[in-house]
Amino acid sequence: MQVNVQFWSYFKELAGCAETTANLGEGATIEALLKEIYARFPKLAPAEKSTLIAVGVDYQPRSYKLADGDEVSLFPPVQGG
Amino acid sequence: MQVNVQFWSYFKELAGCAETTANLGEGATIEALLKEIYARFPKLAPAEKSTLIAVGVDYQPRSYKLADGDEVSLFPPVQGG
Amino acid sequence: MTRSLTLTSSPIDEAALVRERTMSCGMGAAAYFAGVVRGTEGEAEISAINYEAFHNMVEHQFALIFDQLERRWTLESVRVVHRLGVVKVGEPSLWVEIIAPHRVEAFAACQFLIDEMKRWVPIWKNPVK
Amino acid sequence: MTRSLTLTSSPIDEAALVRERTMSCGMGAAAYFAGVVRGTEGEAEISAINYEAFHNMVEHQFALIFDQLERRWTLESVRVVHRLGVVKVGEPSLWVEIIAPHRVEAFAACQFLIDEMKRWVPIWKNPVK
């Protein structure tokens, strides 16, 4: 299956792009996606612990099982206000 | 000595007037003044516990020693806002 | 800390007050409160409240509260407007502004000021039917 | 509870927003917060902040916060305006209004909303030198 990944804020600079796609086995979790992303974009790895992850417009935990076509967003801590 | 006493809010209605004067012995306290006031304006007496007392523009306790010419204010709980 | 207290029998023009705001460039937070006359007082329906004040003592007691604000928090300014006389239902009787570096102290100071006002500032309400 | 969220690249006109306020006659309290861009970010002097937003998710996350406000307090309305794009030092980036029967819940809800926003709403700052 394939998921779309968007980067926000300075994660765009660290990744060198605003979005990418990832091919994963059926039932892969966000955890598995992160492993794949960090292999391809190693500058994102040091921020792993503070990285926030959404699927669509909802936050999801690392254990969340992705589905084909999911829109995943990775971003640093938010700073509204 | 003589002190001036002002009533505020519904204490004016209870007293039937907005101000009065009281003659007291030298060194009399607010406590002594209240005794005198309640004898002359008995409708004020039931509100004694919640009555607030100022001399000039500062709150003072019952034990405060009055001086000749003091401006004493008696009023119910405040309700600003 | 800049202080401003206005006691007025005219309507409080909140929009004009907001437009007059000044904030230096270290300040990030402005907290406001507007207290508006409700249509009921206790059980009874009312049309207005007539506010009575012991004017000199109101000013002095607010000054003491401002002193406390200054001791407790680092604020740039406080502005308070309290309306006196007849205030119709739906109109503001109280307006407060606190300017501070951050929101936490702005909110804390704003609430402290109102709590202390309600305890110590000699203003009384007369409901108008 | 009436809800209003505006994400805008235009300056926030606080006076106009206050003038548009509506309050039913059981409401006694309006609490406001304006968050203004400060002249420093960390140690560095800045001239502005460029706000970036994940627009759809911002709207959804604010809706979830509004749901929580509704569960926790009895409020008449909440209005939030967040500015996006470049906001100069001294200009408001955030404006919040809570209308409630009494001040305690107005202040509590206003602070809760801002705290939750800073945790969950995907908006980011880019300081401009």
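In this text the structure is predicted, and so the values were computed from the model without any measurement. First the proteins, then the strands, lettered A, B, ... as listed; each starts at 1.
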Self-check item: Per-residue contact mode, C:Leu64 against chain B (heavy atom under 4.5 angstrom)
Solution: side chain

Quiz item: Parallel, tilted or perpendicular: which fits the ring planes of B:Trp8 and C:Trp124, with parallel below 30° and perpendicular above 60°?
Solution: parallel

Self-check item: Gap between atom CD1 of C:Ile123 and atom OG of B:Ser9 - 0.5 Å precision
Solution: 12.0 Å

Practice problem: Can you tell which part of B:Tyr59 gets under 4.5 Å to a heavy atom of chain C, answering side chain, backbone, both or neither? | Solution: both

Quiz prompt | Heavy-atom pair with the smallest gap, counting every atom of B:Val57 and C:Met57 | solution = O-CG, 3.4 Å

Practice problem: List the atom of B:Gly81, the atom of C:Tyr51, and the distance in Å for their closest heavy-atom pair. | Solution: O-OH, 2.7 Å

Quiz item: chain B heavy atoms under 4.5 Å from C:Arg83: which part of the residue, side chain, backbone, both or neither?
Solution: neither

Practice problem: Answer with side chain, backbone, both or neither: which region of C:Glu59 has an atom nearer than 4.5 Å to a non-hydrogen atom of chain B? | Solution: neither

Quiz item: Checking heavy atoms, do the side chain of B:Pro77, its backbone, both or neither come under 4.5 Å from chain C?
Solution: backbone

Quiz item: Nearest heavy-atom pair of C:Phe54 and B:Ser73: which atoms, and what distance?
Solution: CE2-OG, 3.1 Å

Quiz prompt | chain B contact via C:Trp120 - which portion, at a heavy-atom distance below 4.5 Å | solution = both

Self-check item: Side-chain donor/acceptor of C:Lys125 to backbone N/O of B:Gln79, under 3.5 Å
Solution: no

Quiz item: So which heavy atom on C:Gln61 is nearest to which on B:Asp58, and how close?
Solution: NE2-CA, 4.1 Å

Exercise. For atom CD of B:Glu71, decide whether the heavy atoms of other residues, nucleotides or ligands shown that lie under 6.0 angstrom number more than 12.
Key: yes

